[in-house]
Amino acid sequence: MRELPKQYDPKKVESAVYQQWLDGGYFHARRDPDKKPFTIVIPPPNVTGQLHLGHAVDETIQDVLIRYKRMKGYSALWLPGCDHAGIATQIKVEEDLRVNEGLTRFDLGREKFLDRVWDWKNKYGDRIVQQLRTLGSSCDWERQRFTMDEGCSKAVREVFCSLYEKGLIYKGKRIINWCPHCTTALSDAEVEYEGKPGHLWHLRYPLSDGSGEVVVATTRPETMLGDTGVAVNPADERYKDIVGKTCILPLVGREIPIVADEYVDMAFGTGCVKMTPCHDPNDFEVGLRHDLEQILVIDDNGRIINGGKYDGLDRYEARKVILRDLEEQGYLVKVEEHIHNVGTCYRCHSDVEPLASDQWFVKMEPLAKEAIRVVEDGTIKFVPDRFAKTYLNWMHNVRDWCISRQLWWGHQIPAWYCDDCGHVTVSREDACRCEKCGSENIHRDPDVLDTWFSSALWPFSTLGWPDKTEDLEYFYPTDVLVTGYDIIFFWVARMIFSGMEHMKKEPFKTVLIHGLVRDPHGKKMSKSAGNGVDPIEVIDQYGADALRFNLITGNSPGNDMRFYVERCEAMRNFANKLWNAARYVMMNLTVEKNALPAELKLEDKWILSKLQSLIGSVNENFDKYELGLAATKIYDFIWDSFCDWFIEITKPRLREGDVGAQQVLLYVLTDILRLLHPFMPFITEEIYGAIPHEGEALIVEIYPEFDEALSFPKEEADFESIMEAVKAVRSRRAEMNVPPSKRPHITLATEKPAVFEAGKVYMANLAYAGGVNVVPQAPADTAGMVTVVTGDAKLFMPMAELVDLDKERERITKELEKAQKDIANQERKLANESFVSRAPERVVAAERDKLAKAQALAENLAESLKNLG
RNA sequence: GGAGGCUUAGCUCAGCAGGUUAGAGCGCAUGCUUCACACGCAUGAGGUCGCGCGUUCGAGUCGCGCAGUCUCCACCA
């Protein structure tokens with residue numbers, strides 16, 4: 001047996017334990033036909049990213065589930081991997097290039113630039129994996145994947161082609177969200193709206209026939225260069241006469257039509273809206289209906305084009321100049337303050353420019369149908385289920401998904417354009433000639449796919465799809481997907497419809513949603529705010545187990561949590577507590593095998609019975625994904641039941657060399673380690689290795705199951721009567737400031753003499769009794785005695801001389817009043833006819849019992865009062 | 001505009017299907033060098049569970065309304 005240090009030092013233990021697991025090959029899931037599979041695919045972190053607390057929560061939850069299922073005998077696969085993170089990674093490498101070499105990606109050219117990104121990936125791709133290991137993640141590293149590895153790329157290509165062939169991918173001109181800083185299109189989900197103060201400018205557009213004018217209101221005057229019409233509501237009496245006429249666009253001089261369209265809100269502004277089809281999604285639609293001209297006036301860099309003398313100006317500069325000109329020429333009617341929502345890029349927070357552009361889209365409506373069905377009919381469950389509503393709401397209103405990105409880092413779109421006939425060839429193999437005219441004069445679409453396009457396939461591409469692999473056969477569909485609510489739309493939704501479309505089977509059965517980790521003030525953690533906490537530093541200081549336990553407890557599923565380092569300290573203390581409990585058990589151990597003694601004492605039955613209840617509810621909690629509750633219950637059992645009571649109680653027995661006590665201690669400790677292992681894997685494995693055990697490692701031990709044979713409700717209750725008496729004596733002594741050295745002889749009157757006779761030794765030890773005399777009835781003369789009363793017993797201590805009698809009288813009177821109030825309450829309840837007849841018998845019985853106890857208590861208290869004189 | 005969350009001890013939060021006396025961590029107070037642990041032990045103070053109405057024998061828990069607060073979605077030129 002190893003000598004354990006007094007304080008647990010996670011740093012000395014964790015890496016060695018992790019290595020032990022790796023050496024044992026325990027993380028690797030085998031396709032065992034005799035076992036049931038349990039699969040989780042990791043939400044792939046950005047390959048060049050660093051672990052933050054959000055990951056830590058996510059990984060901890062997954063690891064807890066995986067370890068639990070592994071111990072339950074499943075072939076538990078946790079499949080790890082990374083995401084290439086198109087925009088994020090490309091921006092980082094470009095930044096690096098700019099700072100260190102003063103180059104842009106265009107200076108290098110596509111191929112060389114991509115080499116650089118791969119270098120970058122290889123340099124940093126390992127860091128996140130190392131960090132996952134530090135946390136204790138039991139991933140199957142032999143199956144590690146990357147969204148741009150060969151297999152995943154093949155899957156992406158297959159999906160693109162198959163959707164294209166089904167007509168579910170199309171290329172079209174639409175208003176897309178354009179980030180002029182990142183110079184790429186963004187999907188709707190990648191745009192964040194921010195309410196910003198702005199203005200509403202009213203502009204005068206004169207009618208061509210000179211009969212008057214219309215006044216339009218706009219928040220973006222610079223887009224007027226691209227106006228190709230003015231719209232009013234067809235029901236608007238004010239403008240009935242001018243529909244069909246034309247007006248002259250100021251500064252530009254273009255003659256543009258006035259059209260009637262339902263889209264216009266009569267109550268807003270002037271009821272006249274300028275139409276800029278190329279720079280506003282609504283105007284684009286109106287423009288299509290009324291055949292308005294499309295003029296693009298802002299380019300990819302946010303500068304004016306097709307705007308005559310304004311060409312080349314930045315869009316916001318142009319706004320100033322145009323407004324000045326409009327005002328000078330008398331077209332500006334008035335300016336109002338106006339707060340409006342501006343779309344910003346989720347990456348760089350530049351204002352998004354809506355502009356008409358050729359992009360690739362996934363047609364969502366047909367795909368959404370199945371994705372809605374499987375959630376509505378419960379094939380896929382969200383936990384907590386309120387998130388199903390969020391999901392369905394989005395899916396019901398989903399718009400086509402813009403999947404092309406004007407980046408280089410990612411899966412290049414497998415489409416080739418024929419320079420001769422214009423035909424588009426979409427192909428699984430790299431094309432050399434046009435499939436229509438055979439021309440070799442073709443060029444490939446330079447754009448890449450949205451990063452989420454490949455992550456959408458993650459649950460099956462990682463298992464080998466599109467090949468029919470054994471892994472896919474065995475492990476798909478996966479069981480649980482664990483993620484934060486912030487990426488339900490980005491990722492979860494897209495995996496669901498992808499799984500249904502390509503696998504014809506849901507990608508997972510349960511989506512377990514957790515909240516965000518915030519700082520102590522409830523703010524989102526971010527680099528710019530400087531309030532981020534590095535999980536690696538926390539682990540360094542408190543240990544991975546403490547961090548894990550902190551993150552898994554003290555919050556409810558789906559809710560955000562605040563991160564307090566103080567809580568890590570508390571959890572570190574807990575680990576230390578367990579460490580010392582184990583150390584103590586080992587110090588006293590002479591047996592070499594974990595087996596219960598033939599004969600169990602009362603307290604043995606009590607702790608075993610408590611253990612069984614714990615096991616039962618922990619398993620239940622696990623099945624309902626209530627991990628925090630399970631963890632808290634284990635914590636309470638270890639600290640309160642096991643350490644504060646059972647260890648204390650068995651001390652005298654150990655001193656006397658009672659082997660049975662050792663056996664029970666070892667038995668309970670072993671079950672504790674098993675129960676706690678998924679949450680605190682390192683310390684439990686380390687202790688397990690130091691105590692007598694038969695298995696190879698704790699990680700592959702069997703998780704405890706409720707055992708009826710070790711459940712002793714009666715003994716449990718009896719022992720708790722004794723505990724109550726002990727607590728009552730302690731409490732009284734503390735109130736009276738009695739030093740521990742005073743060990744009075746206690747006379748204990750009870751109707752359960754057998755129980756308390758057995759409890760004598762505990763009283764002596766835990767309640768500082770000099771001796772205990774159990775009697776059936778209170779002594780005749782109790783004058784000069786302090787009385788302590790519990791539900792089952794009256795205890796008398798000859799210590800009147802140590803007590804302030806007045807204070808004692810006061811205290812007892814107070815207690816008596818409370819007892820009487822309780823009696824009144826109970827009596828009222830029981831006098832209620834409908835309660836007695838309608839409430840379950842068990843409840844009524846409990847109430848009766850309570851009344852009886854309260855009456856007994858009151859009686860005893862009254863007597864004590866009398867004795868005090 | 002639509003949807004959802006939160007409101008429980010000084011602070012941060014639990015409270016799983018309505019049923020003894022509403023819990024934890026931290027903090028606070030008092031006393032302990034008790035031979036596993038001061039990262040500890042014991043004891044204690046502190047709560048009209050946001051407000052109102054309702055359902056029920058019984059509501060922190062279920063329903064409705066209100067107030068405060070946060071988030072998401074849509075978006076108004």
Side-chain angles (χ1 to χ4, degrees), chain A residues 4 6-8 188-189 193 200 216-220 223 231 263-265 267-276 280-283 338 340-341 343 384 386-387 389-390 393-394 397 485-486 488-489 515-516 520 522 542 546 550 553-556 558-564 566-567 569-588 617 620-621 624 626 628-630 632 635-636 643-644 647-648 651 655 727 730-735 737-740 765-766 768 818 822 826 829 832-840 842-844 846-847 849-850 853:
Chain A
L4 294 183
K6 204 163 158 180
Q7 263 191 10
Y8 174 61
D188 292 337
Y193 287 88
L200 195 57
V216 298
T218 181
T219 54
R220 301 202 53 200
T223 63
Y263 156 69
V264 180
D265 177 1
F268 189 87
T270 60
C272 290
V273 191
K274 60 191 269 306
M275 289 290 120
T276 321
D280 182 283
N282 292 307
D283 294 7
H338 182 69
H340 64 136
N341 278 336
R386 66 184 134 94
F387 290 103
K389 277 187 212 160
T390 315
N393 187 41
W394 187 77
N397 299 301
Y485 59 73
D486 51 332
I488 292 177
F489 308 133
L516 270 35
Y542 299 102
N550 183 2
T553 56
N555 58 70
S556 52
N559 284 2
D560 289 353
M561 65 190 92
R562 299 187 191 199
F563 186 83
Y564 288 89
E566 293 87 338
R567 260 179 64 85
E569 206 174 300
M571 297 313 158
R572 189 247 350 236
N573 294 352
F574 170 59
N576 195 239
K577 184 76 184 175
L578 174 64
W579 183 255
N580 278 290
R583 203 162 65 92
Y584 171 78
V585 171
M586 286 164 57
M587 278 165 38
N588 290 286
S617 59
E620 240 174 73
N621 289 141
K624 290 193 271 184
E626 295 162 347
L629 275 178
T632 306
Y635 176 104
D636 288 342
C643 292
D644 289 346
I647 285 185
E648 290 307 322
K651 276 180 179 173
R655 270 182 232 127
K727 281 186 199 168
R730 278 177 181 169
S731 176
R732 179 62 42 84
R733 291 178 58 109
E735 273 171 42
N737 273 322
V738 181
N765 217 30
L766 302 175
Y768 310 99
K818 193 182 169 293
D822 283 350
Q826 295 313 115
K829 246 184 203 177
N832 184 338
E833 187 54 43
S834 54
F835 170 71
V836 177
S837 59
R838 292 198 202 189
R842 164 179 73 78
V843 175
V844 179
E847 295 297 328
D849 193 44
K850 206 177 132 192
K853 276 194 177 167

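Per chain, numbering begins at 1; letters A, B, ... match sequence-line order.
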Supply the atom-to-atom distance A/Arg572 CZ to A/Glu569 CD, rounded to the nearest 0.5 angstrom.
5.0 Å

Looking only at heavy atoms, which two atoms of A/Ala217 and A/Gly269 are closest? And how far apart?
CB-CA, 4.4 Å

Using a heavy-atom cut-off of under 4.0 Å over every strand shown, decide if [X] touches base, sugar-phosphate, or nothing.
{"X": "A/Glu626", "result": "base"}
{"X": "A/Arg562", "result": "sugar-phosphate"}
{"X": "A/Ala581", "result": "base"}
{"X": "A/Lys577", "result": "base"}
{"X": "A/Asn555", "result": "sugar-phosphate"}
{"X": "A/Asp486", "result": "nothing"}
{"X": "A/Thr632", "result": "nothing"}
{"X": "A/Asn621", "result": "base"}
{"X": "A/Tyr768", "result": "base"}
{"X": "A/Ile488", "result": "nothing"}
{"X": "A/Val264", "result": "base"}

In whole angstrom, give me the gap between the [atom1] atoms of [N] and [M].
{"N": "B/G50", "M": "B/U8", "atom1": "C1'", "answer": "10 Å"}
{"N": "B/C62", "M": "B/U7", "atom1": "P", "answer": "11 Å"}
{"N": "B/C41", "M": "B/U34", "atom1": "C1'", "answer": "8 Å"}
{"N": "B/G4", "M": "B/C76", "atom1": "P", "answer": "24 Å"}
{"N": "B/G19", "M": "B/G58", "atom1": "C1'", "answer": "7 Å"}
{"N": "B/C49", "M": "B/G23", "atom1": "P", "answer": "14 Å"}
{"N": "B/U69", "M": "B/C64", "atom1": "P", "answer": "23 Å"}
{"N": "B/G31", "M": "B/G15", "atom1": "P", "answer": "37 Å"}

Using only heavy-atom distances, determine whether the side chains of A/Asn559 and A/Ser556 contain a donor-acceptor pair under 3.5 Å.
yes

Measure from the side-chain heavy atoms of [X] and tell me the nearest of [options].
{"X": "A/Ala570", "options": "B/A36, B/G25, B/C75", "answer": "B/G25"}
{"X": "A/Ile647", "options": "B/C72, B/A36, B/A14", "answer": "B/A36"}
{"X": "A/Ser556", "options": "B/U43, B/G25, B/G15", "answer": "B/G15"}

Quick check: on RNA chain B, is the nucleotide nearest A/Asp636 upstream (toward 5') of the one nearest A/Asn580, or the reverse? Name the residue that is more 5'.
A/Asp636

If you pin A/Asn282 and A/Asn588 to their nearest nucleotides in RNA chain B, which one's is more 5'?
A/Asn588

Any sub-3.5 Å donor-acceptor pair from A/Ser731's side-chain atoms to A/Lys727's backbone N or O?
no

Spell out, as yes or no, whether a donor-acceptor pair under 3.5 Å connects the side chain of A/Asn576 to the backbone of A/Phe574.
no

When you compare the side chain of [Y] with that of [X], does any pair of heavy atoms fall below 4.5 Å?
{"X": "A/Tyr542", "Y": "A/Met571", "value": "no"}
{"X": "A/Leu516", "Y": "A/Asp486", "value": "yes"}
{"X": "A/Lys274", "Y": "A/Thr276", "value": "yes"}
{"X": "A/Thr390", "Y": "A/Tyr485", "value": "no"}

Classify the side chain of [X] and the base of [N] as holding, or not holding, a donor-acceptor pair under 3.5 Å.
{"X": "A/Asn341", "N": "B/C75", "result": "yes"}
{"X": "A/Glu648", "N": "B/A36", "result": "yes"}
{"X": "A/Lys6", "N": "B/C37", "result": "no"}

Length of the [atom1]-[atom2] vector between [X] and [N], whole Å:
{"X": "A/Arg655", "N": "B/C35", "atom1": "CZ", "atom2": "P", "answer": "10 Å"}
{"X": "A/Asn550", "N": "B/C13", "atom1": "CG", "atom2": "C1'", "answer": "12 Å"}
{"X": "A/Glu569", "N": "B/U12", "atom1": "CD", "atom2": "C1'", "answer": "15 Å"}
{"X": "A/Asn573", "N": "B/G40", "atom1": "CG", "atom2": "P", "answer": "4 Å"}
{"X": "A/Asn559", "N": "B/C16", "atom1": "CG", "atom2": "P", "answer": "13 Å"}
{"X": "A/Tyr635", "N": "B/A14", "atom1": "OH", "atom2": "P", "answer": "17 Å"}
{"X": "A/Tyr485", "N": "B/C70", "atom1": "OH", "atom2": "C1'", "answer": "9 Å"}
{"X": "A/Asn576", "N": "B/C41", "atom1": "CG", "atom2": "C1'", "answer": "14 Å"}

Describe, in one word, how the ring planes of A/Trp394 and A/Phe489 are oriented to each other, choosing from parallel (under 30°), tilted (30 to 60°) and perpendicular (over 60°).
parallel

Is there a side-chain polar atom (N or O) of [X] under 4.0 Å from OP1 or OP2 of [N]?
{"X": "A/Lys651", "N": "B/A36", "value": "yes"}
{"X": "A/Ser731", "N": "B/G44", "value": "yes"}
{"X": "A/Arg386", "N": "B/G4", "value": "no"}

A/Pro520 meets the side-chain contact (heavy atoms from CB on, under 4.5 Å) criterion, sequence neighbours left out, with A/Tyr564

When Watson-Crick pairs (N1 to N3 and N6-O4 or O6-N4) and G-U wobble pairs (N1-O2 and O6-N3) count only below 3.5 Å on both distances, what is the dot-bracket string of RNA chain B, with | for other-strand pairs?
(((((((..((((.....[...)))).(((((.......))))).....(((((..]....))))))))))))....

